[in-house]
Amino acid sequence: MHENEQRPRRVVITGLGVVTSIGLGVPAFLDGLRAGRSGVKPITAFDTTGFAHSNGCEVDDFAPGEWIHRLDPDELGRATQFSVAAANMAVADSGLSPEELRRRRALVSVGTTDAESRDLDVLVGQQLEHGPESWSADVVRRTQAGGLSLGIVRELGLTDVEALTIPTACSAGNYAVGSGFDAIRDGDAEIALCGGADAVCRKTFSGFYRLGTIAPDACRPFDKDRKGILTGEGAGILLMESLESATARGARIYAEVLGYGLNCDAHHPVAPDRDSLARCMEIAHRNAGVKPEDIDFISAHGTGTKANDVTEAGAIRQVFDAPPPVVSIKSMIGHAMGAASALASAACALAISHGFIPPTINHRETDPECGVDCVPNEARTAELNMVQNNGLAFAGNNAVLILGRYREAS
């Protein structure tokens with residue numbers, strides 16, 4: 001190797017920030033995952049009159065002023081509040097001081113489906129009732145999607161930073177984590193704060209409802225009687241840095257990011273494609289340098305719809321001769337849209353570091369067409385070395401992330 005060339009850096013996760021319907025912050029989220037806690041409750045974010053059923057997974061114990069310190073929370077949309085709060089949690093969890101963080105070259109990358117569509121719902125309601133002149137300027141200012149990442153930059157006072165907002169819908173969290181992995185590995189950034197954020201909004205709930213994919217009571221991934229998704233909300237932000245940086249400061253390491261795979265088949269606006277998802281898993285394995293038999297469990301996209309679960313399970317069987325356990329935390333926290341795969345990544349990192357497989361709750365009988373071990377209803381103790389996290393999105397945007405237990409090089 002030429003003396004001016006540098007080996008790709010190993011990338012590790014040293015901080016986690018999570019805002020979910022089953023707990024705020026790592027301890028509460030971890031406890032919820034282990035206990036198989038349900039975040040399901042009637043939706044209160046908007047008027048659900050006229051809908052036959054309207055359960056969801058809202059975050060109902062979030063006081064933004066407790067988590068946001070430099071910015072005025074009222075100037076931020078709800079998804080941005082989640083994003084900023086989760087970033088503050090991740091920094092605190094990593095043990096990095098704010099001063100040290102600001103000295104590092106950083107990437108902030110946040111994925112989303114809806115950005116601040118909740119505020120857009122408000123503006124549409126105002127226009128319908130009183131005309132466009134009635135729009136609130138404060139609400140209009142909050143609607144920019146870029147605020148999800150820029151809010152973190154402003155809150156943390158970062159100056160040597162690149163800020164990205166990635167709109168690849170339900171797989172956007174994995175896309176964002178992958179962008180952070182690339183930046184740290186290649187030396188383009190020293191710290192990466194990456195993940196996803198979204199807030200429950202009428203637009204997305206009603207859209208899924210019209211598609212016939214909203215479950216009447218609970219989300220039951222891989223169950224014979226599954227009826228669909230429940231919309232959720234929250235944020236997951238992972239703080240990543242190079243292994244050299246983490247070990248130099250004695251940081252606790254949750255997991256190592258081994259690699260990821262992306263593809264976009266553009267097969268159909270909403271229907272997943274089995275072959276394309278299988279290819280994406282194969283790309284992730286190749287990039288991470290792992291084999292299917294190395295994977296100890298798969299955190300599935302697992303929405304609980306008829307089409308997704310059969311297609312995803314079929315793609316897994318196409319890649320894995322003997323599939324490992326396949327679980328879906330959406331059974332607990334609902335479908336948090338752009339935050340979904342980021343929160344699942346955080347769950348995978350916690351599973352590796354704490355030695356357990358999260359359960360798929362609400363389970364009664366596995367669909368024979370799925371035929372997977374979904375770890376029904378109760379968490380399972382396990383020593384985990386490598387975990388796969390699947391993210392699927394409309395229009396065939398697939399993103400698969402591979403995490404591993406940190407081990408010193410032999």
Side-chain angles (χ1 to χ4, degrees), residues 43 51-57 79 111-115 117-118 120-121 145 166-176 196-216 218-223 225-233 261-281 298-316 318 326 328-331 333-344 367 369-370 372 389-400:
I43 289 174
F51 294 104
H53 41 264
S54 55
N55 277 346
C57 294
T112 193
T113 296
D114 293 305
S117 288
R118 184 157 167 168
L120 292 174
D121 287 346
I166 299 179
T168 46
C170 307
S171 59
N174 269 358
Y175 270 79
D198 263 312
V200 165
C201 64
R202 184 184 182 93
K203 180 269 293 183
T204 293
F205 174 84
S206 58
F208 277 106
Y209 192 96
R210 289 293 299 271
L211 287 171
T213 56
I214 294 289
C219 178
R220 294 186 171 86
F222 307 112
D223 192 276
D225 296 320
R226 66 192 182 279
K227 297 292 194 298
I229 75 167
L230 292 179
T231 55
E233 64 181 357
L262 306 177
N263 67 358
C264 179
D265 54 74
H267 166 71
H268 189 276
V270 298
D273 180 78
R274 187 187 69 182
D275 291 342
S276 176
L277 178 55
R279 285 195 300 273
C280 192
M281 288 188 275
I298 297 171
S299 172
H301 192 61
T303 60
T305 66
K306 291 290 183 182
N308 176 93
D309 292 3
V310 168
T311 303
E312 186 173 12
I316 289 168
Q318 196 167 312
V326 178
S328 174
I329 69 167
K330 288 184 179 67
S331 60
I333 65 171
H335 194 334
M337 304 298 149
S341 56
L343 287 168
D367 185 347
E369 286 192 78
C370 296
V372 296
N389 181 34
N390 289 352
L392 287 64
F394 284 177
N397 284 294
N398 303 314
V400 176

Looking at [atom1] of [X] and [atom2] of [Y], how far apart are the two atoms once the value is rounded to the nearest 0.5 Å?
X: Thr305; Y: His335; atom1: OG1; atom2: NE2; value: 9.0 Å
X: Cys201; Y: Met337; atom1: SG; atom2: CE; value: 8.0 Å
X: Ser328; Y: Ile333; atom1: OG; atom2: CD1; value: 8.5 Å
X: Tyr175; Y: Ser341; atom1: OH; atom2: OG; value: 10.0 Å
X: Arg202; Y: Thr231; atom1: CZ; atom2: OG1; value: 12.0 Å

I need the minimum non-hydrogen distance between Gly302 and Phe222, along with the two atoms involved.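 Closest pair (atom of Gly302, atom of Phe222, distance): CA-CZ, 4.2 Å.
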Check side chain to side chain donor-acceptor pair (under 3.5 Å) between [X] and all other residues, then give those that pass, not counting sequence neighbours.
X: Asn174; answer: Ser345, Asn389
X: Lys203; answer: Asp114
X: Asn308; answer: Glu312
X: Thr311; answer: none

Between [Y] and [X], is there a side-chain heavy-atom distance shorter than 4.5 Å?
X: Val200; Y: Phe205; answer: no
X: Ile229; Y: Ile214; answer: yes
X: Asn390; Y: Ser299; answer: no

Partner residues of [X] under the side-chain contact (heavy atoms from CB on, under 4.5 Å) criterion, sequence neighbours left out:
X: Ala393; result: Ala169, Cys170, Ser171, Asn397
X: Ala342; result: none
X: Ala172; result: Thr168
X: Ser276; result: Asn263, Asp265, Asp273, Arg279, Asn398

Quick one: which residue pairs count as a salt bridge (charged side-chain N to carboxylate O under 4.0 Å, His left out) with a foot in residues 298-311, not counting sequence neighbours?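 Listed by first then second residue: Arg226-Asp309.
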What residues, two or more places apart in sequence or in another chain, satisfy ring-ring contact (aromatic ring centres under 6.0 Å, His included) together with Phe394?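 Phe208.
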Test of understanding: with ring-ring contact (aromatic ring centres under 6.0 Å, His included), list the residues that count as partners of His53, not counting sequence neighbours.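 Residues passing ring-ring contact (aromatic ring centres under 6.0 Å, His included) with His53: Tyr209.
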Any donor-acceptor N/O pair, His301 side chain to Leu392 backbone, under 3.5 Å: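 Checked: pair present.
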